[in-house]
Number of protein chains: 2
Amino acid sequence: MAARAQYEELARQISAFGAVKRGMARGLPADCPPASAAVLTLLRQHGELRTSQLAELMAIDMSVMSRHVAHVVDLGWVERHPDPLDGRSRLLCLSERGRRLMDELSEYVVVTLEEHMGDWGDADVAQLTALLRRLRESFGDCRARTHPHQSPRQPHETTTAPTK
Amino acid sequence: MAARAQYEELARQISAFGAVKRGMARGLPADCPPASAAVLTLLRQHGELRTSQLAELMAIDMSVMSRHVAHVVDLGWVERHPDPLDGRSRLLCLSERGRRLMDELSEYVVVTLEEHMGDWGDADVAQLTALLRRLRESFGDCRARTHPHQSPRQPHETTTAPTK
DNA sequence: TATTGTTATACTCTATAACTATA
DNA sequence: TATAGTTATAGAGTATAACAATA
């Protein structure tokens with residue numbers, strides 16, 4: 001267990017992290033807000049996903065993800081196909097235009113990070129990435145219960161089995 | 001310089017960081033949004049500050065900070081005193097109630113982080129904190145120029161002297 | 001004329017609740 | 001009855017621009 005001062009300093013860094021996110025978001029295409037870029041990135045990484053799975057991966061409410069998805073579909077970057085396993089759901093995947101945009105976004109990400117972190121060592125970048133992932137996992141899925149049926153405090157059973 | 005895949009993975013972790021921030025924000029007093037907590041924390045740490053200095057420390061526009069400050073002043077956590085050096089400005093500091101709230105917030109932060117990161121080693125917590133600070137510094141002050149008069153790149157004078 | 005701060009407006013992201021269509 | 005998704009509404013955070021008061 002870390003010391004009190006350690007935790008307080010970490011909290012301070014967490015609360016100031018917004019500056020980094022804004023630094024990454026600046027320079028995205030005007031019609032591609034950060035949330036859209038995140039959705040596209042996840043779809044490139046995972047292939048086909050449902051809205052609920054995307055919400056799970058970003059740890060936000062499905063209602064929020066629904067709007068993000070609507071935006072990228074409206075702009076023609078993502079296609080919705082019927083889900084053969086469940087008529088209520090649809091499968092999302094990148095369109096050809098979406099793939100082209102992702103090529104640009106990927107380039108933007110690398111250039112921007114290189115610009116700001118060019119003086120970092122390879123090992124430091126890798127370590128930061130690993131610690132960020134671990135931190136996110138330590139916080140688990142912190143959004144409020146999706147449905148009021150289960151009690152608010154649920155130590156486990158959070159990210160299991162999207163049923164698929 | 002890190003590999004392309006490294007940078008892309010880091011970008012992914014950065015974009016997913018919101019879940020951690022929300023995890024920390026959940027459980028704050030209802031009338032104390034995260035931005036208010038951040039302002040109070042900075043004032044406890046630095047003593048007296050101007051609105052413009054707070055904006056600098058959080059790397060947000062002064063107009064935004066002006067509203068955050070108005071909120072904590074309205075709720076009686078922060079007092080505004082005349083700035084003897086500049087009649088346009090006022091010096092902000094914690095009120096007695098603000099100090100009491102900070103005691104609670106500080107406890108909340110430690111308990112929450114302990115809850116989520118209790119299994120982390122001391123060294124890992126310290127390393128994460130250090131890397132987050134370095135990342136923030138690498139991105140410098142990424143908000144748009146406060147005024148169109150000065151050039152967008154202003155490398156220093158950002159996070160000096162936590163004083164502690 | 002320049003700077004500190006405030007206010008008005010607009011946009012992004014988020015959550016809750018009510019709704020639909022399907023299971 | 002329960003679940004996948006949508007939509008309406010509200011709140012928090014941010015930026016830009018126009019403005020006030022002081023330097």
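None of the values given here were measured: they were computed from a predicted structure. Chain letters run A, B, ... following the sequence lines, proteins first, then strands; residues in each count from 1.
- If you take CG of B:Asp61 and P of C:dT9, they are 18 Å apart, rounded to a whole angstrom.
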In residues 84-95 of chain A, what donor-acceptor pairs under 3.5 Å come from side-chain atoms, sequence neighbours left out?
residue	atom	partner	partner atom	Å
A:Asp86	OD1	A:Arg88	N	2.9
A:Asp86	OD1	A:Arg88	NE	3.2
A:Asp86	OD2	A:Arg88	NH2	2.9
A:Ser89	OG	A:Arg50	NE	3.4
A:Ser95	OG	A:Gly76	O	2.6
A:Ser95	OG	A:Trp77	O	3.1
A:Ser95	OG	A:Arg97	N	3.4
A:Ser95	OG	A:Gly98	N	3.0

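- Out of D:dG5, D:dG13, C:dG5, the shortest distance to the side chain of B:Ser52 is found at C:dG5.
- Nearest to the side-chain atoms of B:Arg88 among the listed nucleotides C:dT14, D:dG13, C:dT4 stands C:dT4.
- No side-chain donor from either of B:Arg26 and B:Thr112 sits under 3.5 Å from a side-chain acceptor of the other.
- Every residue two or more places apart in sequence or in another chain was checked for a salt bridge (Lys or Arg N to Asp or Glu O under 4.0 Å) with A:Glu79, and none qualifies.
- Atom-to-atom, CG of B:Asp83 to P of D:dA21 comes out at 19 Å; the value is rounded to the nearest Å.
- The distance from atom CZ of A:Arg90 to atom C1' of C:dT22 is 13 Å, rounded to the nearest whole Å.
- Judged by distance alone, with hydrogens and angles left aside, B:Thr51 brings no side-chain donor or acceptor close enough to the base of C:dT6 to form a pair under 3.5 Å.
- DNA chain D is contacted by A:Arg80 of residues 67-80 of chain A, taking any non-hydrogen atom closer than 4.0 Å.
- At a threshold of 4.0 angstrom between heavy atoms, the contacts of B:Asp86 are confined to the sugar-phosphate backbone, with no base atom among them.
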- Does the salt bridge (charged side-chain N to carboxylate O under 4.0 Å, His left out) test come out yes or no for A:Glu137 and A:Arg134, once each step is laid out? CA-CA 5 Å; A:Glu137 286 164 359; A:Arg134 184 177 171 194; over 6 Å; no
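- Across the protein-nucleic acid pair, A:Arg50 atom CZ and C:dA23 atom C1' stand 11 Å apart, rounded to whole Å.
- Residues B:His71 and B:Ser36 have side chains that bring a donor and an acceptor to within less than 3.5 angstrom of each other.
- Under 4.0 angstrom from either OP1 or OP2 of D:dT16 there lies no side-chain N or O belonging to B:Ser63.
- In this structure, B:Met62 places its CE atom 6 Å from P of C:dG5, rounding to the nearest Å.
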